[in-house]
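Count residues from 1 along the sequence.
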Amino acid sequence: MAFNKELYKEEYPFKSNYFTQPSGFKQHYLDEGQGTPFLMVHGNPSWSFLYRDMVKAFRDSYRCIVPDHIGCGLSDKPVKGQYSFTLKERIDDLERLIDSLNLTEPINIAVHDWGGAIGFGYAGRHPDKVNKLVVLNTAAFGLPADSPFPAAIWAFRHTKIGELCNYYFNAFSFIASHTCSIKGMSRKIRHGFRAPYDSIAHRTATSEFVLDIPLQKGDRSWDELKKVEEGLQLLQNKPIIVCYGRRDFCFNRYFYNEWKRRFPNAEYHTFNAGHYTLEDAGPEIFELVKKFFYA
């Protein structure tokens with residue numbers, strides 16, 4: 001069943017906005033509240049639904065802007081051959097969307113999962129347009145040298161069975177909805193995370209995100225990820241808060257340690273939380289981020 005906003009008007013009570021990218025595909029985004037812009041960038045296989053409670057917590061004081069990447073959430077869903085599904089295209093899309101909003105002051109940015117590479121990719125291109133950064137379980141750099149590549153994601157990336165399971169059974173989103181919160185989510189919320197990927201044709205992005213993970217030179221987004229890493233040097237003086245779930249099987253303690261190595265002066269907090277950090281520790285994180293913004 002496709003996502004029905006009427007069924008979720010309590011959890012996701014937001015107006016839909018759309019921006020047409022040069023590719024011809026419409027990108028859905030939330031634009032709630034007024035004040036300093038607060039951009040929230042999701043990863044895979046989630047969508048703006050991930051940030052629903054953060055938007056509610058901040059829209060009274062901030063302008064919350066939350067895009068769905070092309071192929072995700074309520075954005076258009078191209079299939080292979082119609083869109084590149086690469087990191088560069090994701091950053092380009094985000095850049096064009098932000099430019100279209102004609103924002104007049106530096107923005108705060110929150111990132112999660114592959115939203116880290118996308119959001120920091122934009123920030124590295126435009127450090128002058130960035131105010132403060134909120135890092136959830138994510139990365140904006142390659143796999144740390146001492147970190148194993150998660151077996152489940154390896155199967156989706158390297159085996160035909162993994163790819164077919166995702167296309168035919170929505171396996172990537174289904175598994176994430178059952179394993180990425182240690183507290184567990186209600187059936188309704190699990191469905192909310194999975195609902196946009198309700199048919200084979202709508203699951204291309206969740207598969208392509210995995211195939212796009214740059215692991216070695218020659219991978220299609222390797223060079224772009226190197227540019228993102230280089231851009232981190234331009235963000236060393238930006239205020240950063242890192243709120244990390246300790247029980248994430250994917251963006252694990254090795255990634256957390258890499259953030260500490262690259263940004264030793266950032267503010268760090270950890271939680272008894274899984275990959276969907278905001279599902280397990282949302283209220284605590286919101287209070288910390290509010291104090292961080294006010295400082």
Undergrad: Could you tell me whether the side chains of Asp212 and Thr86 share a donor-acceptor contact shorter than 3.5 Å?
TA: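 No - no donor-acceptor pair under 3.5 Å links their side chains.
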Undergrad: Please determine whether the number of non-hydrogen atoms from other residues, nucleotides or ligands lying under 6.0 Å from atom CD of Glu10 exceeds 12.
TA: no
Undergrad: Which residues pass the ring-ring contact (aromatic ring centres under 6.0 Å, His included) test with Phe169, sequence neighbours left out?
TA: none
Undergrad: Please check if the distance between the ring centroids of Tyr244 and Tyr268 is under 6.0 Å.
TA: no
Undergrad: Measure centre to centre between the rings of Phe49 and Tyr8, then say whether the value is under 6.0 Å.
TA: yes
Undergrad: Side chains of Phe38 and Ile65, heavy atoms from C-beta outward: is any pair under 4.5 Å?
TA: no
Undergrad: Kindly indicate whether the side chain of Met54, heavy atoms from C-beta on, has any atom under 4.5 Å from the side chain of Tyr51.
TA: yes
Undergrad: With heavy-atom distances below 4.5 Å as the criterion, would you say the side chains of His28 and Ile70 are in contact?
TA: no
Undergrad: Is the Phe172-Phe209 ring centre distance short of 6.0 angstrom?
TA: no
Undergrad: Would Tyr167 and Thr206 count as a side-chain contact (heavy atoms from CB on, under 4.5 Å) if you check the C-alpha gap in whole Å, the side-chain angles of each, and the deciding distance to 0.1 Å?
TA: CA-CA 9 Å; Tyr167 272 107; Thr206 58; over 6 Å; no
Undergrad: If hydrophobic clusters are built from ILVMFWY residues whose side chains come within less than 4.5 Å, do Ile91 and Leu211 share one?
TA: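 No; tracing contacts between hydrophobic side chains, which count when under 4.5 Å, never links both residues.
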Undergrad: Determine the minimum heavy-atom distance between Gly124 and Pro127, stating which atoms define it.
TA: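 Looking at all heavy atoms of both residues, the closest pair is O-CD, 3.5 Å.
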Undergrad: Can you confirm whether Asp146 is buried at CG, in the sense that more than 12 heavy atoms of other residues, nucleotides or ligands lie under 6.0 Å from that atom?
TA: yes
Undergrad: Will you find, in the side chains of Ser61 and Lys290, an N or O donor that is under 3.5 Å from an N or O acceptor?
TA: no
Undergrad: Less than 4.5 Å apart, any side-chain heavy atom of Asp128 and any of His126?
TA: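 Asp128 reaches His126 side chain to side chain.
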Undergrad: Apply the test side-chain contact (heavy atoms from CB on, under 4.5 Å) to residues His69 and Val41: give CA-CA distance (whole Å), side-chain angles for both, the deciding distance (0.1 Å), then the verdict.
TA: CA-CA 9 Å; His69 303 305; Val41 189; 3.6 Å; yes
Undergrad: Does atom CZ of Arg247 have more than 12 heavy-atom neighbours, drawn from other residues, nucleotides or ligands, at distances under 6.0 Å?
TA: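 No, CZ of Arg247 has 12 or fewer neighbouring heavy atoms, counting only those of other groups under 6.0 Å.
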Undergrad: Using the side-chain contact (heavy atoms from CB on, under 4.5 Å) rule, take Leu225 and Lys88 through it: C-alpha gap first, then chi angles, then the decisive distance, then the call.
TA: CA-CA 8 Å; Leu225 183 62; Lys88 181 181 185 304; over 6 Å; no
Undergrad: Determine the minimum heavy-atom distance between Ala140 and Gly116, stating which atoms define it.
TA: CB-O, 3.7 Å
Undergrad: Would you please classify the geometry between the Tyr12 ring and the Phe14 ring as parallel, tilted or perpendicular, with 30° and 60° separating the classes?
TA: perpendicular
Undergrad: Would you say the side-chain atoms of Thr138 and Asp113 include a donor-acceptor pair closer than 3.5 Å?
TA: no
Undergrad: Hey, any chance Phe286 and Leu50 share a hydrophobic cluster, counting ILVMFWY side chains that come within less than 4.5 Å of each other, even indirectly?
TA: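 Shared cluster, yes.
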Undergrad: Quick one, Tyr122 and Ile98 - any side-chain contact, counting heavy atoms below 4.5 Å?
TA: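 Yes. Closest side-chain heavy atoms under 4.5 Å.
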Undergrad: Are Asp68 and Ser48 close enough, and set up right, to give a side-chain hydrogen bond (donor to acceptor under 3.5 Å, both in side chains), and what steps lead you there?
TA: CA-CA 6 Å; Asp68 289 332; Ser48 56; 2.8 Å; yes
Undergrad: If you count heavy atoms of other groups shown closer than 6.0 angstrom to CG of Leu164, is the number above 12?
TA: yes
Undergrad: Taking the six-membered ring of Phe293 as reference, does the cationic atom of Lys132 (NZ for Lys, CZ for Arg) lie under 6.0 Å from its centre and within 45° of its axis?
TA: no
Undergrad: Do you know the tightest heavy-atom contact between Gly119 and Ile109?
TA: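 Taking Gly119 first and Ile109 second, the nearest heavy atoms are O-CD1, 4.4 Å.
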Undergrad: List the steps, then state whether salt bridge (Lys or Arg N to Asp or Glu O under 4.0 Å) holds for Lys80 with Glu163.
TA: CA-CA 13 Å; Lys80 286 184 179 181; Glu163 182 181 6; 3.4 Å; yes
Undergrad: Could you pull out the closest heavy-atom pair between Pro67 and His42, with the gap in Å?
TA: O-CD2, 3.2 Å
Undergrad: Does Lys129 pair with Asp99 as a salt bridge, N-O distance under 4.0 Å?
TA: yes
Undergrad: Could you tell me how the ring of Phe149 sits relative to the ring of His158: parallel (under 30°), tilted (30 to 60°) or perpendicular (over 60°)?
TA: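 Aromatic pair Phe149/His158 classed perpendicular.
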Undergrad: Is any side-chain heavy atom of Leu288 closer than 4.5 Å to a side-chain heavy atom of Phe292?
TA: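 Leu288 does not reach Phe292 side chain to side chain.
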Undergrad: For the pair Glu284 and Lys291, evaluate salt bridge (Lys or Arg N to Asp or Glu O under 4.0 Å) and give the outcome as yes or no after the intermediate values.
TA: CA-CA 11 Å; Glu284 298 167 78; Lys291 292 177 183 178; over 6 Å; no
Undergrad: Taking the six-membered ring where the residue is Trp, are the ring centres of Tyr29 and Trp47 under 6.0 Å apart?
TA: no
Undergrad: Quick one: do His112 and Asn137 satisfy side-chain hydrogen bond (donor to acceptor under 3.5 Å, both in side chains)? Show the steps, please.
TA: CA-CA 6 Å; His112 179 262; Asn137 287 50; 5.8 Å; no
Undergrad: Under 4.0 Å between a Lys/Arg side-chain N and an Asp/Glu carboxylate O for Glu208 and Arg157?
TA: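 No, Glu208 and Arg157 are not salt-bridged.
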Undergrad: Answer yes or no: is there an ion pair linking Glu32 with Arg63, defined by an N-O contact shorter than 4.0 Å?
TA: no
Undergrad: Is the distance between the ring centroids of Tyr256 and Phe251 under 6.0 Å?
TA: no
Undergrad: If I take atom SG from residue Cys64 and atom CG from residue Leu30, how far apart are they, to the nearest 0.5 angstrom?
TA: 9.0 Å
Undergrad: Does the side chain of Arg194 come under 3.5 Å of the side chain of Ser173 through a donor N or O and an acceptor N or O?
TA: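 No pair is found: no donor N or O on one side chain lies under 3.5 Å from an acceptor on the other.
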Undergrad: Answer yes or no: is there a side-chain heavy-atom contact under 4.5 Å between Glu105 and Asn131?
TA: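 The answer is no; the side chains never approach within 4.5 Å.
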Undergrad: Less than 6.0 angstrom separating the ring centers of His202 and Tyr197, yes or no?
TA: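 Between Tyr197 and His202, which both carry aromatic rings, the centre distance is not below 6.0 Å.
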Undergrad: Tell me whether Leu215 shares a hydrophobic cluster with Leu87, the cluster being built from Ile, Leu, Val, Met, Phe, Trp, Tyr side chains joined at under 4.5 Å.
TA: yes
Undergrad: Flag yes if Trp259 and Val289 sit in one hydrophobic cluster, no otherwise; membership is Ile, Leu, Val, Met, Phe, Trp, Tyr, and two members link when side-chain heavy atoms are under 4.5 Å apart.
TA: no
Undergrad: Assess whether side-chain contact (heavy atoms from CB on, under 4.5 Å) is satisfied between Asn108 and Val134, documenting all intermediate values.
TA: CA-CA 8 Å; Asn108 298 322; Val134 180; 5.9 Å; no
Undergrad: Do Asp93 and Tyr83 have side-chain atoms, one donor and one acceptor, less than 3.5 Å apart?
TA: yes
Undergrad: Going through the checks in order, is the salt bridge (Lys or Arg N to Asp or Glu O under 4.0 Å) test met by Asp223 and Lys226?
TA: CA-CA 5 Å; Asp223 290 343; Lys226 292 296 130 180; over 6 Å; no
Undergrad: Taking Ser147 for the side chain and Leu143 for the main chain, is one N or O donor matched with an acceptor at less than 3.5 Å?
TA: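 Answer holds: no.
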Undergrad: For Arg262, is there an ion pair with Glu230 - N to carboxylate O distance below 4.0 angstrom?
TA: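 Salt bridge absent between Glu230 and Arg262.
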Undergrad: Do the side chains of Lys77 and Asp198 get close enough for a salt bridge, i.e. N-O under 4.0 angstrom?
TA: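 A salt bridge is absent here (no side-chain N lies under 4.0 Å from a carboxylate O).
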Undergrad: If you count every heavy atom of other residues, nucleotides or ligands that lies below 6.0 Å from Lys5 atom NZ, does the total exceed 12?
TA: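 Atom NZ in Lys5 is crowded, with more than 12 foreign heavy atoms closer than 6.0 Å.
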Undergrad: Within a 6.0 Å radius of atom CD on Gln34, are there more than 12 heavy atoms belonging to other residues, nucleotides or ligands?
TA: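 Count not over threshold, so no.
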Undergrad: Any side-chain heavy-atom pair from Lys183 and Glu279 closer than 4.5 angstrom?
TA: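 No, every pair of side-chain atoms sits at 4.5 Å or beyond.
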Undergrad: When clusters are formed by joining ILVMFWY residues with side-chain heavy atoms under 4.5 Å apart, either directly or through shared neighbours, do Phe255 and Val228 land in the same one?
TA: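 Yes, because Phe255 and Val228 connect within a single hydrophobic cluster, where side-chain heavy atoms sit under 4.5 Å apart.
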Undergrad: Salt bridge between Asp53 and Lys56, side-chain N to carboxylate O under 4.0 Å?
TA: yes
Undergrad: For Lys238, look at atom NZ and say whether over 12 heavy atoms of other residues, nucleotides or ligands are found less than 6.0 Å away.
TA: yes
